[in-house]
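Since the structure comes first, as structure tokens, the remarks are kept for the end.
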Amino acid sequence: MTLLYASTFTKALDRLTAAEQKQVKITAFDLAQEESGNGLSLHRVEAAPGFWTARVSQDIRIVLHKDGEHTLLAWVGHHDNAYRWAERRKLVPHERTGAMQLVEIVERKEERLAFVEMVEESAPATVAVHCPFAQLSEDDLLNVGVPRDWLDAVRSADEASVDGLFASLPDEAAEALLDFATGGRLQDHVALQADPGADPFAHPDAQRRFRVVDGIDELKAALDAPFAQWAVFLHPAQRASVTRDWNGPARISGSAGTGKTIVALHRAVHLASGASARVLLTTFSKPLAASLADKANLMADATPDIRPRLTVRAIDQAAHELYTHAFGQPNLATASQVMAAINAAVEAGLGAGHSPAFLLEEWDELVDAWRLHDLESYAAVPRVGRRTRLGPKQRESAWKVFAFVRERLRLRGVVTVADIYGRLTQWINEGGRLPFTHVVIDEAQDLSVAQSRFLAAVSRSGSPDALFFTGDLGQRIFHLPFSWAKLGLDVRGRAQVLKVCYRTSHQIRRTADRLLTPEIIDQDGNEEQRRGTVSVFDGPEPLIKLFDVHEAEIAGVSEWLRARLSEGISESEITILVRSKRQLARGRAAVKAAGTELPVIPMHDAKGLEFRAVAVMALDEDVLPDPERLVGIGDMAELEAVQDTERHLLYVAATRARDHLMLSGVSPGSEFLDDVT
């Protein structure tokens with residue numbers, strides 16, 4: 001017997017209470033060990049050929065499908081619901097693609113499809129009902145995985161009923177039709193046709209919803225903590241990226257919620273399955289690294305032998321450990337030490353014509369980031385996104401300050417983070433050996449110049465597939481753009497874009513995407529085409545509202561928060577985001593007025609987080625874009641670079657929401673709100 005479980009089973013399991021879930025898992029383990037099921041209470045579902053139920057408790061039943069060779073854990077729930085669910089399903093391979101599908105049975109009443117929200121009989125005869133799929137042929141629909149039983153239903157569905165339609169169809173068919181309905185091409189979604197006699201469960205589309213369980217350990221790993229359905233059930237496009245032998249550094253990108261982090265996790269686990277592999281899975285912050293570690297541990301439960309071969313660290317933490325091992329514990333310079341050195345230089349009469357604030361920003365973004373050590377290098381470095389153009393005398397004046405700072409830090413015996421990466425880069429170039437054969441980097445759009453140079457050295461010294469990046473240029477918020485290729489990281493020809501969004505509703509994703517151009521091109525000419533991205537579920541339209549005064553916004557947001565709580569969303573699944581710490585008080589006032597305790601978080605700190613409901617507050621005209629970043633803009637190129645990072649920040653904030661999103665501010669509001677309304 002081959003035991004499998006379906007994504008519908010894990011979703012249904014997640015809706016049960018903790019006590020019920022524990023009972024279900026015990027029964028599932030018994031099923032895995034007792035192939036015949038003779039020791040269990042199994043009952044055939046007479047109205048649904050092939051379906052059985054297994055008794056978990058007096059009221060809970062597992063729905064199984066048994067065909068002699070395969071036993072599938074298909075669904076779980078209360079007794080009556082379990083039988084109703086089974087009676088409305090059949091498990092069959094698709095006639096055109098060969099992929100196994102759990103097909104919902106279409107009911108007909110008086111020759112009309114029951115699921116379709118038909119126009120009322122009393123509606124005027126002149127009202128035109130648009131059916132977006134009416135002109136699609138039988139072949140068009142079968143080619144993207146629509147079951148034959150659903151052909152008429154799809155073609156007769158009007159715009160008001162497509163949400164229910166998508167919820168009933170297999171994922172591959174729903175995604176293709178959703179893209180088509182929103183302006184995409186159906187031809188982009190033609191499914192793979194399996195060879196005659198091939199295992200229908202092995203088809204890439206089937207593997208999105210069914211997984212073979214290899215023993216008790218793997219079943220336990222899958223059922224103990226399915227942190228998200230797409231963490232186990234990879235989209236075929238994701239799977240290809242995970243298992244491919246890349247001939248050089250590769251980068252996987254896509255809109256927020258398209259599973260880039262999941263791809264990074266699976267890639268790291270896939271690489272770590274090699275007996276001689278040593279894999280570093282990394283990202284830009286310790287909280288995100290901790291989250292990655294938890295998920296990697298879950299995925300490794302079924303294959304514990306890979307654990308010693310997989311290390312998860314924040315990238316600066318990993319660099320610190322490498323530096324300590326190679327050279328001894330570094331003494332890191334603090335931000336206050338750098339600022340004190342700049343102030344001392346200014347007090348000594350250096351840096352005429354430049355403010356300490358400008359000099360600190362110039363140090364952070366250019367001098368330290370690029371590890372510049374002479375005036376000539378400072379004059380030649382790209383100033384993409386820098387607000388101020390400097391003439392020769394201005395550069396010379398500023399450089400005297402930076403030379404002073406470098407000498408002060410040297411005398412103090414301290415180094416910057418960029419210095420750590422610089423010395424590690426030199427060490428690798430001179431033959432130093434990393435304890436890792438592969439490095440997988442998530443959130444790669446926020447890599448610094450120094451980090452990128454270091455990784456380029458790693459790539460040159462290792463195997464062709466030593467580096468694997470995932471990220472989204474639309475979410476770059478921490479560093480100004482620069483060319484990866486000029487630093488030695490060339491992903492041209494090895495860059496792919498994911499197009500299926502699993503985390504964020506269609507309505508929220510569509511709204512957020514309006515903040516960005518349909519194509520985002522990096523400094524090396526790599527294009528991220530965002531057209532054709534689809535979400536796998538729907539939700540309410542985001543609420544975008546401007547108020548006359550702060551007090552009215554606070555009252556409006558607090559009312560929205562109370563409504564979400566009344567719907568059963570827990571406090572831990574709701575947050576308020578604001579542009580910076582200066583707006584925290586306004587957000588906290590809304591939380592207090594709602595009579596609850598919710599986190600209020602600056603947008604930068606929300607990177608990598610997700611919530612069911614998010615209110616983005618204080619989107620005022622003088623808040624976003626940040627006016628302090630716009631002061632002294634030198635030309636249009638600089639203005640565009642700063643505006644882009646501010647847009648990206650709002651995009652990141654909006655896409656932290658899964659189901660509900662509110663964008664609010666005081667009239668006239670941020671200019672970016674004009675793009676989403």
So, are Asp513 and Arg509 salt-bridged, with charged N and O less than 4.0 Å apart?
yes
Decide, yes or no, whether a salt bridge links Lys286 with Asp316 under the criterion of side-chain N to carboxylate O below 4.0 Å.
no
Can you tell whether the side chains of Glu396 and Lys393 come within less than 4.0 Å, N to carboxylate O?
no
Is a donor on one side and an acceptor on the other found under 3.5 Å between the side chain of Gln451 and the backbone of Ser448?
yes
Answer yes or no: is there a donor N or O on one side and an acceptor on the other, between the side chain of Ser670 and the main chain of Leu624, under 3.5 Å?
yes
Would you find a donor on one side and an acceptor on the other, under 3.5 Å apart, between the side chain of Glu361 and the backbone of Phe358?
no
Applying ring-ring contact (aromatic ring centres under 6.0 Å, His included), can you list everything that pairs with Phe469, at least two apart in sequence or on another chain?
Trp484
Establish, for the pair Arg267 and Phe468, whether the NZ or CZ atom is under 6.0 angstrom from the six-membered ring centre and no further than 45 degrees off its axis.
yes
Closer than 4.0 angstrom, basic N to acidic O: yes or no for Arg658 and Glu610?
no
Backbone N or O of Met617 within a donor-acceptor pair of the Glu553 side chain at under 3.5 Å?
no
Has Gln329 got more than 12 heavy atoms of other residues, nucleotides or ligands less than 6.0 Å from its CD?
yes
Please report the interatomic distance CG(Leu265) to OG1(Thr261), rounded to the nearest 0.5 Å.
7.0 Å
Tell me whether Arg453 contacts the main-chain N or O of Thr425 through its side chain, where contact means a donor paired with an acceptor under 3.5 Å.
no
For Trp560, enumerate each residue passing the ring-ring contact (aromatic ring centres under 6.0 Å, His included) test, keeping only those at least two apart in sequence or located in another chain.
none
Ring-plane angle category for Trp399 and Phe402, please: parallel below 30°, perpendicular beyond 60°, tilted otherwise.
perpendicular
Once the angle between the rings of Trp427 and Phe327 is folded into 0 to 90°, is it parallel (under 30°), tilted (30 to 60°) or perpendicular (over 60°)?
perpendicular
Kindly determine whether Thr470 and Ile441 satisfy side chain to side chain contact (heavy atoms under 4.5 Å, CB included), including the steps that lead there.
CA-CA 6 Å; Thr470 58; Ile441 306 99; over 6 Å; no
Would you mind checking if Asp442 and Lys260 are paired as a salt bridge, meaning a charged N to carboxylate O distance below 4.0 Å?
no
Before giving the answer on side chain to side chain contact (heavy atoms under 4.5 Å, CB included), spell out for Val578 and Arg586 the whole-Å C-alpha distance, their side-chain angles and the decisive distance to 0.1 Å.
CA-CA 9 Å; Val578 293; Arg586 204 191 307 184; 6.0 Å; no
Does a salt bridge link Asp674 with Arg514, judged by any charged N lying under 4.0 Å from a carboxylate O?
no
Is the backbone of Pro249 close enough, under 3.5 Å, to the side chain of Arg494 for a donor and an acceptor to pair up by distance?
yes
Thinking salt bridges, do Arg579 and Asp622 make one under a 4.0 Å N-O criterion?
no
